[in-house]
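See structure below.
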Amino acid sequence: MSLKGVITMAVTLLGVLALAAAASLVTLTTYLHRTTESMGEAVEGVRLAEALQVDLLSLARLPVSTSPQLPATNGHSLASTQAAVQLHLSEARSNARMEQELAMIDEVERSISAFFLAREGLQNQPAEEVSRVMGPRMEAALSALDRLVEFNVQEARVARAQADRWDGIANIIGIGVAAFLVLGGAGLLLWIRRFVFRPLLDISQAMRRFGSGRKRTRAPEEGPTELREMAHTFNEMANSLSRQQEQQLTFLAGVAHDLRNPLSALKMSAALVTSGRPVPEERLRKTMGLVRRQVARLDRMVGDLLDATRIEAGRFELSLEERDARELATEVVELYQSGGSSHDLRLLLPEEPVMLSCDATRIEQVLHNLVSNALKYSPGGSVVEVRVERVGEEALLSVVDRGIGISAEEMRNLFAPFKRMGRARETAPGIGLGLSVARRIVEAHGGRIEVDSRPGMGSTFRVRLPQSHAAAHPPEARPGESVPGPADSVH
Ligand code: ADP
């Protein structure tokens, strides 16, 4: 699982929870508000019913013969009591919400009206008659009001029970949300500690150990995707550094090995010359030839090493001059021929000059590398050809051998530095820098280097370089016409 996914999920969950809590709070407060309202209405209903009862009882105490406007001993007049009854009745009606309550108020109104009517018909009647007629009417009105009171009390109880229920639900929701937040938060913290901080610490520890020299240290690839990727990248970097270190050690071993061979040849030659014994001239000539070859080989190795470091550091410069490619090839081949090579080394040159604007030392270095490889990787006595040709506007320098050849698989990394192929490693010493340096030199001249090879049959290395502008269109050649130079001279 990815860190981004977990954080998105946690934030979404928190948002949904907050929304749900807010929605339930709004619903609960609305219901609670309604419940308090209906409880208030019920209490008001009880108050009004009791006020009506008080009105009726005060009316019962007024003498029947009293004038409507005259106040009785308790300060109430018939008219003011009737007005109070009407007011309380209309208030009770507007306070009532339910059909059942309205019907009860209608009944109360009817019984009070019956009470008033009976009272009017009893003017100047004896007191016994008044109490006989009014008694049951009063009882009927008071019990209608009692029922109204009872109804409202019942309503208030229902509202209270409802309020208790909503209160319970609100408590459950509150405790649930709090518990979820605490448990969810603790769970998230534990997850982050176990799956984020621990792998992160492991990676930083692995980096510190690696930095302090323990090169075998690798970071465990666990935890969320991002950290696994980070550990994987670190491990790949550590592997690549280890590989580079191994390559450097192999390279150093190769250099030491390659230096030892020419050095021991030089040591033996020096011992022969300085032994004090007379050395036959022929032997001396051969020994000096050997010395010359070994010194040239050492020179080339050191040159390749220096060039490789210059190329890596981006400090590779050319000092260009106009030179005939035939001269350069001749100088290189003559050096090898004079060195007493056991190969049949041939040079094929055109009659016309093949002019190059080039760094002559560098181009000679390329040819040296190719010729020395051709000699190294082909059996003694076999033919090695060096050809110079003009193909269109290009100068073509080829080195052909009939040696061990290069397989298709080996061909892929042929020009990579420090790469030495299986059979070549067994055949001859080398450090695997010559071809990579040669390619960089040729490319720096705006040219390219190509190989054709068949394992066991031999190899052809071709260097194509642009001819210098002056020589690209010799006076006798028409522009655009390619003039392939005949490979006609054999040395
Ligand atoms: P080195 O010769 O010092 O190993 P190079 O860079 O000159 O380094 O060559 C790299 C590799 O290419 C050689 O090790 C060898 O495997 C292969 N190679 C180069 N030239 C030839 C050749 N003419 N024939 C066969 N293999 C060759």
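Ligands are counted one by one from 1 in listed order, and the atoms in each one are counted from 1 as well.
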Quiz item: Between Tyr377 and ligand 1, does any nitrogen or oxygen pair lie at a separation below 3.5 Å?
Solution: yes

Exercise. Answer with side chain, backbone, both or neither: which part of Glu410 has a heavy atom less than 4.0 angstrom from an atom of ligand 1?
Key: neither

Practice problem: Identify the residue among Glu322, Glu321, Gln467, Arg323 that makes a side-chain contact (heavy atoms from CB on, under 4.5 Å) with Cys358. | Solution: Arg323

Quiz item: Does ligand 1 have a heavy atom under 4.0 Å from the side chain of Asn369, from its backbone, from both, or from neither?
Solution: neither

Quiz item: What do you reckon, does Ile406 have a nitrogen or oxygen under 3.5 Å from a nitrogen or oxygen of ligand 1?
Solution: no

Practice problem: Among Met98, Arg97, Glu101, Arg160, find the one that has a side-chain contact (heavy atoms from CB on, under 4.5 Å) with Glu155. | Solution: Met98

Quiz item: Does His368 have its ring centroid less than 6.0 Å away from the ring centroid of Tyr336?
Solution: yes

Quiz item: Have Asn152 and Arg47 got a donor and an acceptor in their side chains that come within less than 3.5 Å?
Solution: no

Quiz prompt | Electrostatic pair Arg448-Glu450, nearest N-O below 4.0 angstrom | solution = yes

Quiz prompt | Sole candidate of Val333, Val354, Thr330 that passes side-chain contact (heavy atoms from CB on, under 4.5 Å) when paired with Leu349 | solution = Thr330

Self-check item: Nearest heavy atoms of Glu226 and Leu3, plus distance in Å
Solution: OE1-N, 2.8 Å

Quiz item: So, does Phe415 sit close enough to ligand 1 that a heavy atom of it is under 4.0 Å from the ligand?
Solution: no

Self-check item: ligand 1 atoms in contact with Lys376 (distance to a heavy atom under 4.0 Å)
Solution: 1 (P), 2 (O), 3 (O)

Quiz item: Counting from 1, what ligand 1 atoms have a heavy atom of Gly405 closer than 4.0 Å?
Solution: 25 (C)

Quiz item: Which ligand 1 atoms are under 4.0 Å away from a heavy-atom of Ser459?
Solution: 24 (N)

Quiz item: Any idea which atoms of ligand 1 are less than 4.0 Å away from a heavy-atom of Leu414?
Solution: 12 (O), 17 (C)

Quiz item: Gly434 to ligand 1: N or O pair under 3.5 Å?
Solution: yes

